[in-house]
Enquirer: 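My questions will all concern the structure given below.
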Amino acid sequence: MRGLFIQTYGCQMNSSDSDRMRAILAPLGYESQSQPENADLILINTCSIRDKAEAKLSTFAGDIKGLKIDNPKLKIGVTGCVAQQEKEKIIQENPFVDFVIGPDHIDDLPEILENFENSNFQFVRTDFEQETSRVWKTQTLLTNPGPTAFINVMKGCDHFCTYCVVPYTRGREKSRPIVDIYDDVVRLTDQGVREITFLGQNVNTFGKRAGESLAELFFKVHEIENLKRIRFMTPHPGDLEDSLIECFKELPKLCSQFHLPFQSGSDKILRSMRRFYTKAQYLEKIAAVREARPDVAFSTDIIVGFPGETEEDFEETLDVVRKVRFDNAYSFTFSPRPGTRAAEFKCDLTEGQKTDRLTRLQNELRGIARELHNQEVGKIKEILIECPSKKDPNFWTGRTSQNVPTHFERSLSTARPGDLVKVKIESATLTHLKATPALEN
Ligand code: 5AD
Ligand code: SF4
């Protein structure tokens, strides 16, 4: 047995890549460890979406470099988006790193590690096979699936929003065939998975080239008896078609949660971001989804302080927040990313102005989320039990269809992880709900 420690940064796509690495390495005798000190292989799965995320690589690398003194056999690999972007530079700046591999080379890990048995050369593997020549191994691999799981349905992005690094680190869009994804869902539900989140960087253009669509995928997997809940992320408002909105009417297993990043409420800034929709069009899409499924909870991503953003532009962003009333939101100040168009844009805003806008925005978002959660008190909701609560293991943690974490005391029912149970919401905070089992349990 050999110890494996994976440090994961970034989005769900990266977390699911880490799961895949764990599953690929398990048959080679690598067992996951909770501390890097116990590892013979440390993988740092990096994110470069914003500069703060990127900086985490050097902090963590600094923390672990001394471990090689105690364990000379220890190998350290850097994977993920920073690996793809910085390539050799990572080894130049961190000479104790043994290898750097891009997201397209996760499946090469066994071969890479075997090579190390014979030599100790540091190396970098970050080429992209944009065309179809390289087989993208698609089966979802998980070592110990719980009641919820993620399935990647596509990778890459063709949009080139001017601020975003993803098209450079993850390449062009490529979708998996529905038949392969269907097989994944059957296999995972046979292993006890009840809720699946279908992932893609621009998930609503899934299947475009093959004449398939996300709506078609949802209709197909909806028939699988043991699959109880369907979620997806992240769609682009400009590509949001009626067929996907219809799914909220037709498919009860599709959860009442919609993550739809709007980034900015100003049409001028949206143009400069190359987002291909206006504020009015965004609000129309929201209204259409609400009409199809009135209890849907919206979440979003917002960037403040984009180059050229005036106070009036920022007010437009606040206006969208007030009109939509998001249940949850990820908000960031603009961070210039190497190689992107917006990194060259002239920006007159000071860091102070940017963080001031972010604070105002986040206060607004928090107030609304608190109100929305308070409105849930007294209601009966269905939750899928996931695991014991991390804070207090005497409580179960589950989620409502709207994706709000909900806790209730274990001793009050016989329910188990993977069960869907009705609960009564007793109290609410900004981030979660507290409940008791409803009578029919
Ligand atoms: N600066 C700030 N935020 C960014 N995001 C992506 N790129 C940047 C950037 N350069 C945010 C967007 C996106 C989310 C994943 O991260 O809001 O939707
Ligand atoms: Fe970060 Fe984007 Fe890479 Fe995900 S795909 S890890 S969000 S840079």
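When a ligand or atom number is given, it counts from 1 through the structure's own listing order. For this chain, numbers begin at 1 and follow the sequence in order.
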Enquirer: Answer with side chain, backbone, both or neither: which part of Thr340 has a heavy atom less than 4.0 angstrom from an atom of ligand 1?
Expert: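 For Thr340, there is no contact with ligand 1 at all, from either part.
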Enquirer: Fit a plane to each ring of Phe258 and Phe248, take the angle between them on a 0 to 90° scale, and name the class: parallel (under 30°), tilted (30 to 60°) or perpendicular (over 60°).
Expert: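 Parallel.
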Enquirer: Which bit of Ile49 gets closer than 4.0 Å to ligand 1, counting heavy atoms only: side chain, backbone, both or neither?
Expert: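 The answer is both, backbone and side chain.
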Enquirer: When you measure from the side chain of Glu212 to the backbone of Ile178, do you find a donor-acceptor pair of N or O atoms at a distance under 3.5 Å?
Expert: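 Checking the backbone N and O of Ile178 against the side chain of Glu212, a donor-acceptor pair under 3.5 Å is found.
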Enquirer: If you count the atoms of ligand 1 from 1 in the order shown, which ones are under 4.0 Å from a heavy atom of Gln263?
Expert: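 Matching atoms, with element in brackets: 12 (C), 13 (C), 17 (O), 18 (O).
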Enquirer: Within a radius of less than 6.0 Å around NZ of Lys434, do more than 12 heavy atoms belonging to other residues, nucleotides or ligands occur?
Expert: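 Open.
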Enquirer: Ring centroid separation for Phe206 and Phe232, is it under 6.0 angstrom?
Expert: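 Distance test on ring centres: not under 6.0 Å, no.
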Enquirer: Check Met21, Lys75, Arg22 against Leu43 for a side chain to side chain contact (heavy atoms under 4.5 Å, CB included) and give me the one that passes.
Expert: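 Exactly one pass, corresponding to Met21.
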Enquirer: If you count the atoms of ligand 1 from 1 in the order shown, which ones are under 4.0 Å from a heavy atom of Asp301?
Expert: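 Here the atoms of ligand 1 in question are 13 (C), 14 (C), 15 (C), 17 (O), 18 (O).
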Enquirer: Please indicate whether any nitrogen or oxygen in Tyr163 is less than 3.5 Å from any nitrogen or oxygen in ligand 1.
Expert: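 By distance alone, the answer is yes.
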Enquirer: For ligand 1, which atoms have a heavy atom of Ser335 less than 4.0 angstrom away?
Expert: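 Heavy-atom distances to Ser335 below 4.0 Å select 1 (N), 2 (C), 9 (C), 10 (N).
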Enquirer: Is the shortest distance from a heavy atom of Val166 to ligand 1 less than 4.0 Å?
Expert: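 No, Val166 has no heavy atom closer than 4.0 Å to ligand 1.
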Enquirer: If the cut-off is 4.0 Å to any non-hydrogen atom of Arg337, which atoms of ligand 1 fall inside it?
Expert: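 Numbered from 1, ligand 1 contributes 10 (N).
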Enquirer: Looking at Gln257, His373, His259, which hits side-chain hydrogen bond (donor to acceptor under 3.5 Å, both in side chains) with Asp327?
Expert: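 The residue from Gln257, His373, His259 that satisfies side-chain hydrogen bond (donor to acceptor under 3.5 Å, both in side chains) with Asp327 turns out to be His373.
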